[in-house]
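All figures in this text were calculated on a predicted structure; none of them were measured in a lab.
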Amino acid sequence: METKAAVETLSALAHEGRLALFRVLIKAGPGGLAAGRLGEAVGMAPSTLSNNLAVLTRAGLATSVRDGRSILYAADYGRMSDLLTFLMEDCCEGSPEICTPLGDVLSRVAVASPSRGCYEADCAVQRVQKEPRE
């Protein structure tokens with residue numbers, strides 16, 4: 001990822017509402033969520049939701065596809081991976097202990113299971129995924 005693209009991507013995430021949306025999209029998985037369900041999960045008004053999803057889509061962080069009368073949004077995991085790689089590629093040069101906390105986070109995520117409960121945002125995603133689509 002080039003620096004200019006990284007700045008544009010980070011700029012899209014530099015807003016509380018868009019960051020919350022992106023986190024819900026990440027947790028929703030590759031199938032994504034309908035726009036209405038996303039709005040419910042983060043408590044965002046439809047017009048604000050539409051604008052924020054447009055910003056995330058333009059930045060390459062989200063994709064959309066029509067499914068009947070609904071529009072499903074999903075995180076673009078490739079773009080997220082590119083951004084994380086860009087941020088991390090020079091991180092530990094000569095000092096691997098700097099990156100140890102990040103490895104710990106990845107280890108926790110890899111072994112996490114649904115039976116361990118969920119955080120508030122995770123529960124919101126699980127709740128709206130169980131409801132019928134719009």
Side-chain angles (χ1 to χ4, degrees):
M1 176 176 274
E2 298 293 324
T3 300
K4 183 175 180 177
V7 169
E8 291 169 357
T9 306
L10 289 167
S11 177
L13 294 173
H15 178 276
E16 186 176 347
R18 289 191 295 269
L19 183 58
L21 277 172
F22 187 65
R23 291 178 59 118
V24 169
L25 286 172
I26 290 169
K27 292 173 186 173
L33 286 173
R37 302 291 181 224
L38 278 169
E40 291 171 13
V42 296
M44 196 174 284
S47 60
T48 305
L49 176 70
S50 177
N51 181 54
N52 285 327
L53 286 169
V55 171
L56 291 174
T57 301
R58 279 192 305 272
L61 290 165
T63 60
S64 64
V65 62
R66 182 164 290 283
D67 181 26
R69 293 184 354 211
S70 297
I71 299 176
L72 300 178
Y73 287 88
D76 185 325
Y77 293 96
R79 181 71 165 198
M80 180 184 74
S81 179
D82 290 346
L83 178 62
L84 292 173
T85 299
F86 174 83
L87 293 171
M88 294 296 303
E89 64 189 355
D90 297 323
C91 174
C92 301
E93 192 172 313
S95 303
E97 68 277 1
I98 295 170
C99 295
T100 300
L102 297 172
D104 294 344
V105 169
L106 292 173
S107 295
R108 280 196 315 270
V109 170
V111 298
S113 70
S115 63
R116 292 178 55 193
C118 58
Y119 294 99
E120 186 175 323
D122 295 326
C123 291
V125 170
Q126 291 169 10
R127 186 173 53 253
V128 297
Q129 285 179 325
K130 290 178 185 173
E131 297 173 8
R133 289 190 172 153
E134 300 172 350

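Taking every heavy atom of both residues into account, Val24 and Ala41 meet most closely at CG1-CB, 4.1 Å. The minimum heavy-atom distance linking Leu56 with Phe22 is given by the pair CD1-N, 4.2 Å. For the residue pair Leu53 and Ala35, the shortest heavy atom distance occurs at CD1-CB, 4.4 Å. Shown here for Leu49 and Met44, the closest heavy-atom pair between the two residues is CA-SD, 3.6 Å.
None of Leu33, Asp67, Thr63 except one satisfies the side chain to side chain contact (heavy atoms under 4.5 Å, CB included) rule with Leu72; the exception is Asp67.
Residues passing the side chain to side chain contact (heavy atoms under 4.5 Å, CB included) test with Ala59, sequence neighbours excluded: Ala12, Leu61. In this view, Thr57 and Ala62, Tyr73 satisfy the side chain to side chain contact (heavy atoms under 4.5 Å, CB included) rule, not counting sequence neighbours. Annotation: side chain to side chain contact (heavy atoms under 4.5 Å, CB included) contacts of Ala6 (sequence neighbours excluded): Met1, Leu83, Phe86. Every side chain to side chain contact (heavy atoms under 4.5 Å, CB included) that Ser81 has, sequence neighbours left out, goes to Thr85.
Applying the side chain to side chain donor-acceptor pair (under 3.5 Å) test to every pair with at least one member in residues 2-18, sequence neighbours left out, gives these pairs: Thr9-Arg79, Arg18-Asn52.
Rounding to the nearest 0.5 angstrom, the gap separating the CG atom in Leu19 from the CZ atom in Arg23 is 6.5 Å. A distance of 11.5 Å separates CD1 of Ile71 from CG of Leu38, quoted to the nearest 0.5 Å.
Note: the hydrophobic cluster containing Val55 does not contain Ile26 (ILVMFWY, side chain heavy atoms under 4.5 Å, direct or indirect links). Val7 is not connected to Leu13 by any chain of hydrophobic side-chain contacts under 4.5 Å among Ile, Leu, Val, Met, Phe, Trp and Tyr, and they are in different clusters.
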